[in-house]
Structures are given as C-alpha cells and as structure tokens.
2 protein chains.
Amino acid sequence: MASSGRRAPQEHGKAAERTRERILAAAVEEFGAKGYAGARTAAIAARAGVNQQLISYYFGGKQGLVEELRRRWARAQESVTPPGATYAESVAAHLDATLDNPDWSRLVIWQALGDGSSPESDDEWAAAQRDRLRQAVERTRRRQEEGEITGELDAEFVLLVAYALAFAPIALPRMVEGIAGADPLSKDYREWVVGQLARMTARQP
Amino acid sequence: MASSGRRAPQEHGKAAERTRERILAAAVEEFGAKGYAGARTAAIAARAGVNQQLISYYFGGKQGLVEELRRRWARAQESVTPPGATYAESVAAHLDATLDNPDWSRLVIWQALGDGSSPESDDEWAAAQRDRLRQAVERTRRRQEEGEITGELDAEFVLLVAYALAFAPIALPRMVEGIAGADPLSKDYREWVVGQLARMTARQP
DNA sequence: ATCCTATTCAAGTGATTGATTGATTTTTGT
DNA sequence: ACAAAAATCAATCAATCACTTGAATAGGAT
C-alpha cells in the first residue's frame, strides 16, 4: 500500500532535491507576481524549466505547493531576530529581510488579503505569529526603559511604523516611490527610513 | 445599425441607473475580497441580486467592470483634500477615507500588486497620481515652515508614515492587530494613530 | 551492462468560467 | 392601456486550467 500506484515522493534522492527547490523558487515568483488565483502551474513549471506534471508529482498540485511554501515561511520566520542588536540594526535587518525578497513579501500580502484556497491559516500558526509580535513589542519596550530609544511614543507605535514602512514598498510601490522619490527597494530608501526612524526615536535632549 | 442586436447601454434611463450602481457596489465587494482573478461574475451578480448577464450588458463583461471601477476611483481621488485643515485633521480624514471603505482600499492594493488583466494604468493617470503626492508633500513641508509640525523629520517621512499606517490595516490586518492589540478598522485604532502621529510631529519645546 | 530513480512526453478528462444568444417577462413612463 | 425599456430565463459555446494516466526516455550508481 505504501507505494501502490505512485512512488513515494517523500523518499527524495539527493539529485531530485534540487529540482524540488527550483520548483519552489519558481512558485514563489509566480505566486508573488500573480497571486494564487492568478498563478498558473504551467508558468511555474516553465519558470523552473521543468515539466508541468512534476509539481503534481512532488507536491500534489497547486494547493500542495502553497502549503509547502507556507510551511517554509513559518520555519523561516522563527529564526530571524538577531539577539544583541541595536534598534537601528534591528530595523535595518527587518527592512532588508522584507525588501531583499520581494516575491516572498508579496506572497505574504496576498495571503493576508485572503487570496482564496487558503485553509485560513491554522490557529496554531496564528497564535505563534501573535507571540512573535508580542515579543517584538516587549523588546521595543525594553529599549525604551533602558533609554536606547525615546519613551515619548508608545512601543507599539514605534514597532508598527517600522513594519509598515517595510511593507509599504511592496504593497504600494508607486505611492512610496511618489512620496520618497526613490526606488522603494533601493539601498537609498532603506537607509533613509532607518535614519528617519532613528531621529523619530531619539531621546529628547 | 445603431441598435441592431443589443440596445445601447449608454442611454441609461433613470431607473436602470440604480441597478448599475448596485452591480458596481457588488463588484467592489467581490473584487476587494477575491481580487480580479479570484472574483467571479456570478458572485457579483448574486451580491447585487441581479442576473448575471446584466454585467455583460451594462459593462461589457468582467474586464469592463474593473475599468469602470478604476475610472470612478480616479474621479473620487481628485476631490478629497479638505483645504483649511490642521495636520491632525488631515491625517484623520485620510485614515477615515481608507478604513471606512476597506473594500475599495483592498482593491487598490490588489491593483498595485498587479492583479493581472490590468492595462497597467495609463501614463496620464500615473502622472496625475504623482502630482497629487507631490502636492501632499509640499503641503506637509509648508506645515513645517509655518511651525505647525516639527521640522526635525523630513516632510516625506511624515507623510509616508501617515499613509503607511492607513494602509497597513488593510494589507496586513493580522500584523497590525497583533501589534496594536485592537481592531485595525476601529475608531480606537484611528484615534491612537492620530495621537501618536501628533506626538511624533510635535515641535521640540 | 543494468537496475533504479528522475524526468519527460503525449493525450485526454472533468470541471469551472466568462460570455453569447434569442425569446420572454416585468417594470416604467406617458 | 400602451409602448419602450429593463431585466430574467434557459441553453449553449468556447476557452482555460488543474490534474491524471500510461507510458517512454535519460542518467547515475553499482
């Protein structure tokens, strides 16, 4: 029963692993560009330079593909926070993580918008996300108490602004470009944001 | 030849106008909820309580529907700015305009993400958008010069933060809720944001 | 060589969807 | 009441798409 009709894709050989990864990478691009409903499995296969039925073979179809991507995103999220970083470094890291992988970020926004076909993300995963955010808020508050950044603004606000400015270039690139006057993905934009945030959170003299 | 097969939808009678509007309203909901690729014309018709072929009859199909919506959005954008408002009032107005019409806002984000089937927005319209943003920056800068808000932060930054915090609840509601700990569409959130922005832009004593 | 895995090929199925057509019914204005 | 407009109904079309099936072929390892 274990390998009745189809061979079990779980026992991945060393060589096959690479094409799996290429398919996933292509899927990130395609889903990021078109969203789930707009993405085409044929396009994913073409991007990966691979035959179309391999995605059914390895991931059980389009839906299985997004689920695998979500799993990876969850795993990646767990290990991001650099421990002994300053506020500016922390913000810069988050900014880089978001803007260096625009496809991933677009994918996240699409999921948040309810792109359809999503099992609405399990409670467990949602709870973990909440914890991550709460910890981030707590970390920010500690920075305030230690005097690294100002206590004039709520910790939640400081954090929210940083996150919002990281995602705005993805969700509304034209708007950001129109206001900031620079490519929202560029190094210039990031440094400018970090600098302005530093001023915003500077302690009153 | 003028009215050979189909009657001309342009000469809209007074009564028909209402169903046109209902279809458009339903379209905003559906497109806002699912995006262009995910939206279904049948669902739009059902939402409007109207027969499915009316959307072909009045708007020439799914695509014509989004185009009409884009036209309306462009028109609505032109006349929003209250003239003699304070910074806080202006921010609050923008926040309300965005969060009181979440479907419209979601639609905008979807278009910005390149939902597909879009003629990629004409140059003319893009230029007009740019002008609007530049004027907003200019207005902010004037506020700084007049001493209404601080000059410590760049005018572009002050504006961008306000806009980003208006759209974040739409693009990433879970994240905002997790950080702020409140419904991102609620009055509480809006007032909190306005208050924090006021502190952020307060002049140094 | 040969076995096993990875990958490709060709063809086709089933389901969904947007759109069309022609005729009929309801509503509206006069 | 009458005529035009507005809307519904039923049936159908053509296209797209994800997925399946049953093979055949290429490659690497032994």
Quiz item: Counting only heavy atoms not in Arg71(B), do more than 12 fall under 6.0 Å of its CZ?
Solution: yes

Does a side-chain N-to-carboxylate-O contact under 4.0 Å join [X] and [Y]?
{"X": "Arg72(A)", "Y": "Glu21(A)", "value": "yes"}
{"X": "Lys62(B)", "Y": "Glu67(B)", "value": "no"}
{"X": "Arg130(B)", "Y": "Glu177(A)", "value": "yes"}

*Closer than 4.0 Å, any side-chain N/O of Tyr58(B) to the OP1 or OP2 of dA7(D)?*
yes

Look at the side-chain N and O atoms of Thr19(B) and state whether any lies under 4.0 Å from the OP1 or OP2 oxygen of dA6(D).
no

Do Thr150(B) and Gln144(B) have side chains that approach each other closer than 4.5 Å (heavy atoms only, starting at C-beta)? no

Note to self: Do Tyr189(B) and Leu99(B) have side chains that approach each other closer than 4.5 Å (heavy atoms only, starting at C-beta)?
What the structure shows: yes

Please walk me through it: do Phe157(B) and Arg199(A) pass side-chain contact (heavy atoms from CB on, under 4.5 Å)? CA-CA 11 Å; Phe157(B) 181 81; Arg199(A) 280 199 195 180; over 6 Å; no

With under 30° as parallel and over 60° as perpendicular, where do the rings of His94(A) and Tyr163(A) fit, or are they tilted in between?
parallel

Distances for protein N/O vs nucleotides 14-17 of chain D N/O pairs under 3.5 angstrom?
from    : atom 1 : to       : atom 2 : distance (Å)
dC17(D) : OP1    : Arg40(A) : NE     : 2.6
dC17(D) : O5'    : Arg40(A) : NE     : 3.2

Could you tell me the separation between the [atom1] atom of [X] and the [atom2] atom of [N], rounded to a whole number of Å?
{"X": "Tyr36(B)", "N": "dT17(C)", "atom1": "OH", "atom2": "P", "value": "14 Å"}
{"X": "Phe59(B)", "N": "dA19(C)", "atom1": "CZ", "atom2": "P", "value": "13 Å"}
{"X": "Glu17(B)", "N": "dA5(D)", "atom1": "CD", "atom2": "P", "value": "16 Å"}
{"X": "Arg18(A)", "N": "dT7(C)", "atom1": "CZ", "atom2": "P", "value": "9 Å"}
{"X": "Gln63(B)", "N": "dA19(C)", "atom1": "CD", "atom2": "P", "value": "9 Å"}
{"X": "Tyr57(B)", "N": "dC9(D)", "atom1": "OH", "atom2": "P", "value": "17 Å"}
{"X": "Glu30(B)", "N": "dT17(C)", "atom1": "CD", "atom2": "C1'", "value": "13 Å"}
{"X": "Lys34(B)", "N": "dG18(C)", "atom1": "NZ", "atom2": "P", "value": "11 Å"}

Could you list the protein-to-nucleotides 8-10 of chain C atom pairs, N/O on both sides, closer than 3.5 Å?
from    : atom 1 : to       : atom 2 : distance (Å)
dT8(C)  : OP2    : Asn51(A) : N      : 3.0
dC9(C)  : N4     : Gln53(A) : NE2    : 3.3
dA10(C) : N6     : Gln53(A) : NE2    : 2.8

Heavy-atom nearest pair, Trp110(A) first then Leu113(B), reads CH2-O, 3.6 Å

